[in-house]
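In what follows, a single structure is set out as C-alpha cells and then discussed.
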Amino acid sequence: MCAHYEITLHDVSKTFGKKTALDKVFLKIKKGSIFGLIGPNGAGKSTLTNLLATLSLPDGGTVTISGLDAISQVKQVRKKVGITFQDPSIFTTGTAWDNLFIAGKMYDMNISKIKERGEYLLKEFHLNQVSNDLVGTYSGE
Ligand SMILES: Nc1ncnc2c1ncn2[C@@H]1O[C@H](COP(=O)(O)OP(=O)(O)O)[C@@H](O)[C@H]1O
Ligand SMILES: [Mg+2]
C-alpha cells in the first residue's frame, strides 16, 4: 500500500493438499532494490516466485506489485513483471537483437521503444559489438 514499496505480501498462505508451502508470509520490497530470496530445498521459494509472476494464486492474503493487486489485476501485473529462468532463458538460434525484439513485442512495445531500450541494454551489458551474432556463439549463454 505504501508507495515506496514495489512489492508487498500481506499474510500470504499457500497449501498443496495437506502441505503448507507458505504460512502467513509478510514481505515488503522497496522500489529499485535488489532482493535475494534464499532458503533450503522445500522452503517455498518457487511457490512464492510463482505467486509474484501471477502463475498461481495464494489461498489467502494479498500480493501487491507496483500498486496492483496480483490476484484481481493479473493482466496489468503481467505487464510489469519479467521473469528469467535459469534454463532455458533465451533464444540461442537468434541474435541479441532478435531476443530483444521478441521480448519487447511481448510487452507491447513499439519499434522505436524496442530500439531505444535495446540499444541501452546492449550498451549496458557490453554487447553492442556482437548484437547481430547468434546468441549461441556467445561465451556463456
Ligand atoms: N505443485 C505442488 N504440489 C504439491 N506440493 C508442492 C507443489 N509445489 C510445491 N510443493 C511443496 O511445497 C513446498 C515448497 O516447495 P517449493 O516452493 O518448490 O520450495 P523451494 O523452491 O524453496 O525449494 C515443498 O514442500 C514442496 O514439496
Ligand atoms: Mg525452487
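Numbering of ligands and ligand atoms starts at 1, following listing order.
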Give, for atom [atom1] of [X] and atom [atom2] of [Y], the distance between the pair rounded to the nearest 0.5 Å.
X    : Y    : atom1 : atom2 : answer
L52  : I7   : CG    : CD1   : 5.5 Å
Y5   : S33  : OH    : OG    : 10.0 Å
I102 : Y107 : CD1   : OH    : 13.5 Å
L9   : T64  : CG    : OG1   : 8.0 Å

Within-cut-off N or O pair, G42 and ligand 1, under 3.5 Å: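 The answer is yes, given that G42 and ligand 1 share an N or O pair closer than 3.5 Å.
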
Ligand 1 to A43 polar contact by distance, N or O atoms, under 3.5 Å: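 There is such a contact, yes.
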
N-O pairing of E119 and K115 below 4.0 Å: yes

Sidechain-backbone polar pair: R78 side chain, T54 backbone, donor-acceptor under 3.5 Å: yes

Side-chain (T49) to main-chain (K45) donor-acceptor, under 3.5 angstrom: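 The answer is yes, because a donor-acceptor pair under 3.5 Å joins these two groups.
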
Tell me the protein heavy atom at minimum distance from [atom], and give that distance in Å.
atom                    : value
atom 15 (O) of ligand 1 : T47 OG1, 3.8 Å
atom 4 (C) of ligand 1  : F16 CB, 3.3 Å
atom 19 (O) of ligand 1 : G44 N, 3.1 Å
atom 12 (O) of ligand 1 : A21 CB, 3.4 Å

4.0 Å heavy-atom contact, G39 with ligand 1: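 False for this residue.
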
S46 backbone or side-chain N/O/S under 2.8 Å from the Mg ion (ligand 2): yes

For ligand 1, which atoms sit closer than 4.0 Å to a heavy atom of [X]?
X   : result
K19 : 25 (O)
S46 : 17 (O), 18 (O), 20 (P), 21 (O)
P40 : 22 (O)
N41 : 23 (O)

Ligand 1-proximal atoms of K45, by part, heavy-atom distance under 4.0 Å: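 Both parts.
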
Within-4.5 Å side-chain heavy-atom neighbours: V12 and F26: no

Shortest non-hydrogen separation from A96 to V135 and the atoms involved: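 What the structure gives for the nearest pair is N-CG2, 3.7 Å.
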
Minimal non-hydrogen separation, T84 against S89, with atom names: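 Looks like CG2-CB, 3.6 Å.
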
Heavy-atom protein contact below 4.0 Å for atom 9 (C) of ligand 1: yes

Exercise check, heavy-atom protein proximity under 4.0 Å to atom 27 (O) of ligand 1: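 Under the 4.0 Å cut-off, atom 27 (O) of ligand 1 has no protein heavy-atom neighbours at all.
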
